[in-house]
Asker: 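This is the structure I want to talk about, given as structure tokens.
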Amino acid sequence: MIHVFNTMTRTKELFKTIQPGIVNMYVCGPTVYNYIHIGNARSAIAFDTIRRYFEYSDYQVNYVSNFTDVDDKIIKAAHEAGITEQALTTKFEQAFNDDTAPLNIKPATVRPLATEHISEIITFVDDLIAKGYAYEADGDVYFRARKFPDYGHLAHQNIDDLEVGASERLDDGELARKEDPVDFAVWKGADPEVAITWDSPWGPGRPGWHIECSVMAIKYLGNTIDIHGGGQDLAFPHHTNEIAQSEAHTGKTFANYWLHNGFVTVGDDNEKMSKSLGNFVTVHDLLQTVNPQALRLMMATTHYRRPLAYTQTAITEATQIVKRLQTAYTNVAFRLKQADTMTTIDEAIDTQVAQFKSAFMQAMDDDFNVANAMTVINDFATALNVYAKADHVSAVSGEQALAEFADQVMVIGVDVKPSGRATDDNSWIEAQVAARDAAKKAKDYAQADAIRAELKAQGIVLEDTAQGTRWKKE
RNA sequence: GAUGGUAUAGCCAAGUGGUAAGGCAUGGGUCUGCAACACCCUGAUCGUCGGUUCGAAUCCGAUUACCAUCUCCA
């Protein structure tokens, strides 16, 4: 029984899918005019973790997330770089994939592009005009926000309390074309200097910002979707406007649950990190120095609705935890390779594993409470470490425990399985380890320690166990 | 002006009425030829003030600080 916090109602609600066993979710993706920053990554990681937990819970997840590849910022950035809009967006779409893959963010089931849905967008806008929800004004098309009942409910904004221009981003010319300042563009007439335009019943132009998500969400997931997600700052205006135009178009509830992730803050004053403030850190740069698994863990283990402070301390700590989880896995895996394992099952460890699974699900069922889930994972790791030193272990039960452990940690997005490349030639290391064992047996500790020190200098760490010496690369 | 969020040990953080989970770091111990790995032990009365209650970190009121949203930022 999963409960999720719904921004629309501001309460945790029992999660029920429209179709049994299937979760249809749409997560607003980035506008591709730059490398993604860690705020974009946080959002992607938050919803990837949610997706992975649904899958862990045996749901089939249809995860649709877009690239917004036509937008004023793209036009501006392309112009400055002296390349076409498409060259720019193609580059950063690829960069998004390159940056998210090391973070174990699963590719979306469908990754639609705004520019590939222009005809659907035009049809959609046309329908809004026909229904009286939108109007043309000098080549632009605007949505009559006041005509939509309960406009602003998602962000809990009263339309009459909106302070016009509070964000200081309003365009005067646009303001003059609107019937009402709260109206928003669903289609923008072409600017003379902008090459990227499409023909439409209202003349050449391009889609407004919000319309593409409505069109693509409905196209790929239906009139009513289970979950719609994105960053907190999208609640208003982006999602607010998506709701207005989508529900005006279909007459149906657009999404049953609205989930919003909190911001990443940076610096001593915990200021919000954002592109417009210019204080952002790109994942592209970060991955040069930071272990992607640690970054993933740090972001995934802060509850998705809480603000997340990006600090070096947090990264360092996350690195420790990743190491601990991988070590626990490796310790048991090494133990299970030994010949003296039992062939029968080990009920004691089986029972423990079942309890960990149950406790893990109980934590995650509560609006994806990763902090509590981590206490379970931590207990699980301890239990594995203890098991690795048991006198007798069961191969069957041990493998099952490892599989369950890896599955749980993978929900958080961390892979605990060793990633050693099969092509590596470790024969020299193996020979050194064997030589040291021989020296130890002969009680020639000076020689044994010398070998160990030499390997250490090469980044190879030795660990003695009752079942022999194992080694790993730092 | 309107609407939200956050405040718990050195740091991160759970907890929504019954005598404060967990992690990191610190210190101590066990294991080891020594080490490494691992395991065990070790810490806070919950921003401030007042109220309700047999009992509050948890409810109510006030207050302080920080952060955010209010038409193209995840």
Asker: Roughly, in whole Å, what's the span from CD in Gln232(A) to C1' in U3(B)?
Answerer: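 Answer to the nearest Å: 12 Å.
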Asker: Counting the atoms with a prime plus P, OP1 and OP2 as sugar-phosphate, which does Gly208(A) contact under 4.0 Å by heavy atoms, base, sugar-phosphate, or nothing?
Answerer: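 Result for Gly208(A) = nothing.
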Asker: Do the side chains of Asn372(A) and Asp366(A) get nearer than 4.5 Å, heavy atoms only?
Answerer: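 Asp366(A) does not reach Asn372(A) side chain to side chain.
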Asker: Using the ring centroid of each side chain, check whether Phe96(A) and Phe67(A) are separated by less than 6.0 Å.
Answerer: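 Ring centroids of Phe96(A) and Phe67(A) are less than 6.0 Å from each other.
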Asker: Cation-pi check, Arg51(A) to Tyr63(A): give yes when NZ or CZ is under 6.0 Å from the six-membered ring centre and within 45° of the ring axis, no otherwise.
Answerer: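 Relative to the ring axis of Tyr63(A), which defines the angle, Arg51(A) lies inside both limits.
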Asker: Using the C1' atom in both, what is the distance from C31(B) to C37(B), to the nearest Å?
Answerer: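 One C1' to the other, the span is 10 Å.
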Asker: Using whole Å, what does the distance between atom P of nucleotide A13(B) and atom CG of Leu308(A) come to?
Answerer: 8 Å
Asker: Can you tell me the distance, in whole Å, between the CH2 atom of Trp209(A) and the P atom of A74(B)?
Answerer: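 Rounding to the nearest Å, CH2 of Trp209(A) and P of A74(B) are 7 Å apart.
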Asker: So Asn372(A), base contact, sugar-phosphate only, or nothing? Heavy-atom distance under 4.0 Å.
Answerer: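 Since a base atom lies under 4.0 Å of Asn372(A), the category is base.
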Asker: Relative to the 5' end of RNA chain B, which residue comes earlier, Val461(A) or Gly231(A), by the nucleotide with the nearest heavy atom?
Answerer: Val461(A)
Asker: Would one find a side-chain N or O of Arg306(A) under 4.0 angstrom from OP1 or OP2 of A13(B)?
Answerer: yes
Asker: Give a yes/no on whether any side-chain N or O of Asn385(A) is located under 4.0 angstrom from OP1 or OP2 of A38(B).
Answerer: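 For A38(B), neither OP1 nor OP2 has a side-chain N or O of Asn385(A) closer than 4.0 Å.
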Asker: Could you pick out which residue, Phe184(A) or Gly29(A), lies toward the 5' side of RNA chain B when each is mapped onto its nearest nucleotide?
Answerer: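 Checking each residue's closest nucleotide, the 5'-ward one belongs to Phe184(A).
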Asker: I'd like the P distance from C70(B) over to A57(B), given in whole Å.
Answerer: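 One P to the other, the span is 37 Å.
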Asker: Among U3(B), A74(B), C37(B), which nucleotide has an atom closest to any side-chain atom of Asn40(A)?
Answerer: A74(B)
Asker: Check the angle between the aromatic planes of Phe184(A) and Phe143(A) and answer parallel, tilted or perpendicular using the 30° and 60° thresholds.
Answerer: parallel
Asker: In terms of the angle between their ring planes, are Phe405(A) and Tyr329(A) parallel, tilted or perpendicular, with boundaries placed at 30° and 60°?
Answerer: parallel
Asker: Ignoring hydrogens and angles, answer whether the base of U71(B) and the side-chain atoms of Tyr142(A) contain a donor-acceptor pair closer than 3.5 Å.
Answerer: no
Asker: Taking the same atom, P, in U42(B) and in G51(B), what whole-Å distance lies between them?
Answerer: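 Rounded to whole Å, the distance is 36 Å.
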Asker: Please state the C1' separation for the pair A2(B) and G43(B) - nearest whole angstrom.
Answerer: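 Pairwise C1' distance, A2(B) against G43(B), rounds to 44 Å.
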Asker: Within a strict 4.5 Å, meaning less than it, do heavy atoms of the Tyr304(A) and Thr49(A) side chains meet?
Answerer: no
Asker: Which one, A74(B), U3(B), A14(B), comes nearest to the side chain of His37(A)?
Answerer: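 Comparing A74(B), U3(B), A14(B) against the side chain of His37(A), the answer is A74(B).
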Asker: Once you apply a heavy-atom cut-off of 4.0 Å, does Tyr304(A) come out as touching a base, just sugar-phosphate, or nothing?
Answerer: nothing
Asker: Using whole Å, report how far NZ of Lys76(A) lies from C1' of C73(B).
Answerer: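 From Lys76(A) NZ to C73(B) C1': 14 Å.
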Asker: Among A14(B), C11(B), C70(B), find the nucleotide with the atom closest to the side chain of Phe236(A).
Answerer: C70(B)
Asker: With both distances under 3.5 Å as the test, what is the Watson-Crick or G-U wobble partner of U53(B)?
Answerer: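 Pairing partner: none.
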Asker: Pairing check on G43(B): which nucleotide meets the Watson-Crick or G-U wobble criteria with it, both distances under 3.5 Å?
Answerer: none
Asker: Report yes or no: is the cationic atom of Arg10(A) (NZ for Lys, CZ for Arg) closer than 6.0 Å to the six-membered ring centre of Phe5(A), at no more than 45° off its axis?
Answerer: no
Asker: Return the pairing partner of A13(B) with a 3.5 Å limit on both distances, Watson-Crick or G-U wobble; otherwise return none.
Answerer: none
Asker: If you measure from the C1' atom in A36(B) to the same atom in C73(B), how many Å do you get, rounded?
Answerer: 48 Å
Asker: Are Phe124(A) and His249(A) an aromatic pair by the rule of ring centers under 6.0 Å?
Answerer: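 Yes, the ring of Phe124(A) comes within the 6.0 Å limit of the ring of His249(A), centre to centre.
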Asker: I'd like to compare against my own output: the B/S/- annotation of nucleotides 22-34 of chain B with a strict under-4.0 Å heavy-atom distance to protein.
Answerer: SBSS-------BB
Asker: Report the distance from atom NE2 of His228(A) to atom C1' of A74(B), rounded to the nearest whole Å.
Answerer: 12 Å
Asker: Considering only the P atoms, how many Å lie between G18(B) and A56(B), rounded to the nearest integer?
Answerer: 12 Å
Asker: Below 4.5 Å, heavy atoms only, C-beta onward: do Tyr257(A) and Thr7(A) meet side chain to side chain?
Answerer: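 The answer is no; the side chains never approach within 4.5 Å.
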Asker: Quick one: sort the Trp258(A) and His260(A) rings into parallel, tilted or perpendicular, breaks at 30° and 60°.
Answerer: parallel
Asker: Please work out which of the three classes, parallel, tilted or perpendicular, describes the rings of His228(A) and Tyr26(A), given edges at 30° and 60°.
Answerer: tilted
Asker: Which nucleotide, in any strand shown, forms a Watson-Crick or G-U wobble pair with A7(B), with both distances under 3.5 Å?
Answerer: U64(B)
Asker: Atom pairs under 3.5 Å, N or O on each side, protein against nucleotides 16-20 of chain B: can you list them with distances?
Answerer:
none

Asker: Can you tell me, in whole Å, how much space there is between the C1' of U52(B) and that of A74(B)?
Answerer: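 U52(B) and A74(B) have their C1' atoms separated by 42 Å.
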Asker: Can you tell me the base-pairing partner of U30(B)? Count Watson-Crick or G-U wobble geometry only, both distances below 3.5 Å, and say none if there is no partner.
Answerer: A38(B)
Asker: Given Asp71(A) and Thr31(A), is the side-chain hydrogen bond (donor to acceptor under 3.5 Å, both in side chains) satisfied, shown in steps?
Answerer: CA-CA 8 Å; Asp71(A) 163 276; Thr31(A) 300; 4.7 Å; no
Asker: Please report the distance, rounded to the nearest Å, between CZ in Phe263(A) and C1' in C73(B).
Answerer: 8 Å
Asker: Between P on A74(B) and CG on Leu234(A), what's the gap in Å once rounded to a whole number?
Answerer: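 Nearest whole value for this atom pair: 7 Å.
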Asker: Give a yes/no answer on whether the side chain of Lys73(A) brings an N or O atom under 4.0 Å of OP1 or OP2 in C73(B).
Answerer: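 Answer yes for this pair, as a side-chain N or O of Lys73(A) is under 4.0 Å from OP1 or OP2.
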Asker: Distance between the P atoms of G23(B) and A14(B), in whole angstroms?
Answerer: 15 Å
Asker: Separation of Asn66(A) atom CG from A74(B) atom P, in whole Å?
Answerer: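 Roughly 10 Å, once rounded to whole Å.
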